[in-house]
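In what follows, chains carry the letters A, B, and so on, assigned in the order in which the sequence lines appear, proteins first and then strands, with residues in each chain numbered from 1.
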Amino acid sequence: VQSGQHPALTTAKNVETYRRQLRRLGLSHDRRRSVATTDPGYYRWTQWIFLQIFNSWFDPDLNKARRIEELVAEFDTCARTATTGDWSAMSASERRRELDQWRLAYVSDAPVNWCPGLGTVVANEEVTADGRSDRGNFPVFKRNMRQWKMRITTYADRLIDDLELLDWTDALKAMQRNWIGRSEGATVHFESHAGRLTVFTTRPDTLFGATFMVLAPEHPLVDALTTPEQAGAIAAYRAKAAAEDDFQRQNDSREKTGVFTGSYATNPMNGEQIPVWIADYVLMGYGTGAIMAVPCGDQRDFDFARTFALPIVAIQEPSDGRGTDASSWSEAFVGDAPYVNSANDSLDLNGLSSVAEATSRTNEWLVQHGHGEATVTYKLRDWLFSRQRYWGEPFPIVYDEDDNPYSLPDQVLPVLLPDTDQFSPRTFDPDDAQSNPESPLDRLEDWVWIEADLGDGPKRYRRDTNVMPQWAGSCWYELRYLDPTNKQMFVDPANEAYWMGPQGPGHPGGTDLYVGGVEHAVLHLLYSRFWHKVLYDLGHVSSVEPFHKLFNQGYILAAAYQDERGIYVDSFEVVEQDGQYLHDGKPVTREYGKMGKSLKNAIAPDEVCTEYGADTLRLYLMAMGPLDASRPWENKDIVGVYRFLQRVWRNVVDEETGSTRLLSEPAGVDTLRVLHRTIAGVRDDLDNLRFNTAIAKLIEFNNHLTKLGGCPADVADDLVVLLAPMAPHMAEELWTRLGHTASITFAPFPVADPALLVTDSVEYPVQINGKVRSRVTVAADAAPDAVEAIAMADEKVKAALGGNTPKKVIVVPGRMVNIVA
RNA sequence: GCCCGAGUGGCGGAAUGGCAGACGCAGAGGACUCAAAAUCCUCCGUUGGCAACAACAUGUGGGUUCGAGUCCCACCUCGGGCACCA
């Protein structure tokens with residue numbers, strides 16, 4: 001399955017068949033929009049799945065999603081207590097609010113990424129490292145807004161752990177692990193006069209070296225900790241930090257800045273009073289927004305301590321011999337080394353040299369004494385799921401007068417987009433951080449307000465005017481492909497089990513093969529795994545994962561040219577002259593990059609198609625290199641595969657008459673051997689997605705036929721069928737001319753005859769000390785001893801040995817002979 | 001800084017630890033042609049040699065092995081991802 005394509009396309013032989021199949025499915029072909037999201041069926045089931053998620057919650061005890069009714073039942077029997085107050089005493093409205101806090105899809109007023117240039121909010125995964133939108137490259141601002149989110153964070157562990165079950169590249173798995181960012185450590189409590197300060201650390205074993213603490217400027221306890229004499233400096237620092245957004249803060253120089261609050265906290269290990277500072281290198285959005293600083297073992301803390309003359313205490317004897325007097329160090333020490341200065345009345349780490357052991361002993365001690373516990377934190381945040389666009393699935397949600405969300409009943413699905421002629425979201429000055437989103441649906445008052453009876457009698461409700469992101473449909477479309485016309489459910493469980501069910505114990509199930517670009521690593525591929533796991537937990541699918549084997553194809557690159565100002569110029573207007581590249585007569589520099597508008601180097605496949613035909617375009621793309629490698633497009637290379645196709649054609653068809661011109665003489669054993677080697681090789685290459693070498697083998701076979709003067713009649717069918725997967729149009733045409741009436745699609749793919757894969761005799765290269773000095777031809781079934789004897793008797797070998805007796809002779813059957821002289 | 005990849009002719013690239021450069025592009029020569037295009041044939045890593053052949057060659061330096069583009073160690077360069085993440 002190729003991302004974004006309808007299944008009709010994967011079986012269609014040509015555009016007409018594709019359109020016909022689409023018509024049969026009641027769909028239309030629209031190049032600008034993916035088929036999936038224009039189909040009311042997809043809208044309907046995407047909304048239905050959304051409601052499944054909305055009406056479920058995550059049970060941490062079972063580590064899985066469950067239906068919301070089960071939570072209500074547990075509240076009723078007091079098996080679980082509500083987070084706010086007494087469930088049995090709550091009013092209906094209070095109960096709604098309580099439940100809404102548990103849902104896997106929820107509305108919250110929290111920091112989101114607002115992109116005024118696009119006019120919509122976007123997910124964390126859609127923001128680039130430099131704080132811009134991945135589409136359009138507009139600035140993105142963190143703002144509190146009321147938006148839909150999905151509780152993907154509850155699946156963080158399973159999303160990491162189940163990567164083990166998948167046949168994906170290590171690079172892609174690493175990207176997902178990285179993005180989820182699980183770090184194991186401990187939370188530790190430090191007492192202060194303003195209350196308990198809790199920090200997260202991955203190195204609880206270094207607690208004895210914690211000589212100060214740093215809070216994020218936004219930390220809620222900063223006000224209470226700030227002493228009157230420090231109030232001015234703290235306020236000024238916080239104001240400065242607030243004026244900068246996250247991205248500016250991170251892009252600023254890494255000079256350490258910060259201000260002392262004037263207060264101290266107690267290091268629970270040794271009772272020392274350590275100063276509490278604020279600094280912008282501590283982020284409110286990660287961990288607890290507060291850190292303990294261990295300057296001897298962390299470079300950032302070390303820099304901070306040096307800048308502000310804070311104490312540094314060594315807690316390890318550095319392995320590089322610099323000694324334990326930290327005042328003489330020029331950098332922090334990181335690594336395994338024996339602990340020193342690390343003991344109190346009830347815990348002694350001194351002398352240990354294993355971080356793992358010291359960590360587990362510290363964790364035990366923290367729990368025993370009530371100072372903390374082992375904890376895991378994640379970088380992953382909940383998924384921002386609403387957008388302020390027109391195109392997208394509307395939320396099947398309405399709000400009552402108290403702004404509580406209600407799901408619409410299944411019978412009214414799909415909620416279709418209302419008619420309008422104003423599709424664009426309102427966009428703003430890209431830098432106007434204070435602007436507010438306006439969905440195109442907001443303007444359609446007639447659509448927004450509905451009268452409905454959702455159990456409380458007929459009432460007026462307001463529709464949700466957001467739409468779902470483009471990822472919603474792609475989160476589950478592969479499931480719909482298994483059962484595209486089903487009107488009763490999104491996929492029949494029997495179909496899902498047949499196509500995607502686990503193939504044995506420990507197998508996660510999922511599609512057999514998924515080909516897609518690596519740019520989806522932490523977008524589509526993360527989101528769809530999450531949805532799939534929710535559907536699995538709720539019992540709708542039998543597979544644990546949506547995509548079992550994933551293959552990342554490389555990008556097609558093209559030359560891009562920059563003028564002296566560094567601005568990209570149209571690559572088609574660049575000429576090469578004496579090894580120099582010129583645009584408008586001025587020299588430009590060349591680089592290779594992903595094709596696209598920004599580099600002005602896109603090549604329209606239509607033009608290649610018009611000039612050479614679709615088969616040539618397709619074949620060129622497959623032949624130019626391995627599927628997973630990015631490689632440059634070279635117009636001048638296309639002619640190579642074009643010539644190959646023409647040679648095949650001329651070997652089969654007489655260009656004068658248009659009828660076949662096959663050799664009536666049956667193929668000789670040489671030709672049959674080449675044919676069957678080709679069959680075996682092409683099969684193997686196709687199985688392993690090595691299209692480039694499969695094509696090379698076909699070219700070799702065809703070159704062999706060209707030398708024969710044409711194609712013997714008895715191998716013509718095989719030649720054409722071998723070619724069919726890669727040049728389907730021409731193969732179909734040749735097939736017809738060879739007298740077949742049924743489509744070549746249904747012709748069986750040739751099978752190699754093992755008898756024709758072996759030869760009577762084998763040419764052995766004979767090496768002396770690893771260098772080829774001669775070759776001998778030996779019967780294929782000759783015993784190693786016989787091969788050795790023949791090699792030793794060879795004139796060139798004798799001459800090269802000069803009468804000396806070899807120390808050793810190695811015969812690799814069927815491969816070679818190596819003589820050690 | 002951390003995590004993934006990748007470095008082979010003029011170019012794109014081939015090579016289960018076993019003849020490095022398959023196949024294609026570009027280039028050179030030839031046949032056909034009045035000529036050109038197209039087509040077909042031959043050559044085509046570097047150096048030396050008329051040649052047979054020899055030496056050197058898969059980013060650099062070591063190692064393992066009868067044998068290394070392939071495996072191991074260190075380094076260099078390029079591409080991608082993440083990053084004041086505690």
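- Side-chain atoms of A/Lys379 lie closest to B/C82 of the nucleotides B/A22, B/A86, B/C82.
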Nucleic acid footprint by protein, nucleotides 39-50 of chain B - heavy-atom cut-off 4.0 Å, B for base, S for sugar-phosphate alone: SS----------

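- Neither OP1 nor OP2 of B/G67 sits under 4.0 Å from any side-chain N or O of A/Lys808.
- For the C1' atom pair drawn from B/C11 and B/U60, the interatomic distance equals 24 Å after rounding to whole Å.
- The side chain to side chain contact (heavy atoms under 4.5 Å, CB included) check on A/Lys798 picks up A/Glu795, with sequence neighbours excluded.
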Measure all distances between protein nitrogen or oxygen atoms and nitrogen or oxygen atoms of nucleotides 17-19 of chain B, and list the pairs falling under 3.5 Å.
| from | atom 1 | to | atom 2 | distance (Å) |
| --- | --- | --- | --- | --- |
| B/C19 | O2 | A/Arg775 | NH1 | 2.2 |
| B/C19 | O2 | A/Arg775 | NH2 | 3.0 |
| B/C19 | N3 | A/Arg775 | NH1 | 3.1 |

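- Taking the six-membered ring for Trp and the full ring otherwise, A/Trp329 and A/Phe302 have centroids separated by 6.0 Å or more.
- Residues satisfying the side chain to side chain contact (heavy atoms under 4.5 Å, CB included) test with A/Pro275, not counting sequence neighbours, are A/Phe212, A/Phe260, A/Tyr264, A/Trp277, A/Leu310.
- We find that CD1 of A/Ile699 is positioned 12 Å from C1' of B/G13, with the value rounded to whole Å.
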N/O-N/O pairs, protein side and nucleotides 6-12 of chain B side, under 3.5 Å:
| from | atom 1 | to | atom 2 | distance (Å) |
| --- | --- | --- | --- | --- |
| B/G12 | O2' | A/Met624 | O | 2.8 |

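- Side-chain N/O atoms of A/Asn692 include one lying less than 4.0 angstrom from OP1 or OP2 on B/A14.
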Contacts under 3.5 Å, N or O only, protein and nucleotides 68-73 of chain B:
none

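- Seen from the ring of A/Trp179, A/Lys379 counts as a face-on cation partner, given the 6.0 Å and 45° thresholds.
- In this structure, A/Phe304 and A/Phe308 have tilted ring planes: the angle between them lies in the 30° to 60° band.
- What separates CG of A/Asp298 from C1' of B/C2 is a distance of 14 Å, to the nearest Å.
- Applying a 4.0 Å cut-off to non-hydrogen atoms, the residues of residues 171-181 of chain A that approach RNA chain B are A/Ala171, A/Ala174, A/Met175, A/Asn178, listed by residue number.
- In this structure, A/Phe200 places its CZ atom 7 Å from P of B/A86, rounding to the nearest Å.
- A search for side-chain hydrogen bond (donor to acceptor under 3.5 Å, both in side chains) contacts involving A/Glu700 returns nothing, not counting sequence neighbours.
- When heavy atoms are screened at a 4.0 angstrom cut-off, A/Lys697 is found touching no nucleic acid atom at all.
- Residues A/Asp170 and A/Gly289 both approach RNA chain B. Their nearest nucleotides, taken by heavy-atom distance, put A/Asp170 toward the 5′ side.
- In this structure A/Arg300 satisfies the side chain to side chain contact (heavy atoms under 4.5 Å, CB included) test together with A/Lys256, A/Tyr281, A/Asp298, sequence neighbours excluded.
- OP1 or OP2 of B/A54 has at least one side-chain nitrogen or oxygen of A/Arg773 nearer than 4.0 Å.
- In this structure, A/Leu645 atom CG and B/G24 atom P are separated by 13 Å, rounded to whole Å.
- For the side chain to side chain contact (heavy atoms under 4.5 Å, CB included) test, residues two or more places apart in sequence or in another chain that qualify with A/Asp161 are A/Asp157, A/Arg182.
- Between the side chains of A/Tyr642 and A/Glu611, no donor-acceptor pair of N or O atoms lies under 3.5 Å.
- In secondary-structure terms, RNA chain B builds stems of at least 3 consecutive Watson-Crick or G-U pairs, each pair having both distances under 3.5 Å, at B:1-7 with B:76-82, B:10-12 with B:23-25, B:27-31 with B:39-43, B:45-48 with B:53-56, B:59-63 with B:71-75.
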Quiz: residues 805-821 of chain A side-chain donor-acceptor pairs under 3.5 angstrom, not counting sequence neighbours:
| from | atom 1 | to | atom 2 | distance (Å) |
| --- | --- | --- | --- | --- |
| A/Lys807 | NZ | A/Ala821 | O | 3.2 |
| A/Asn818 | OD1 | A/Gly770 | N | 3.1 |

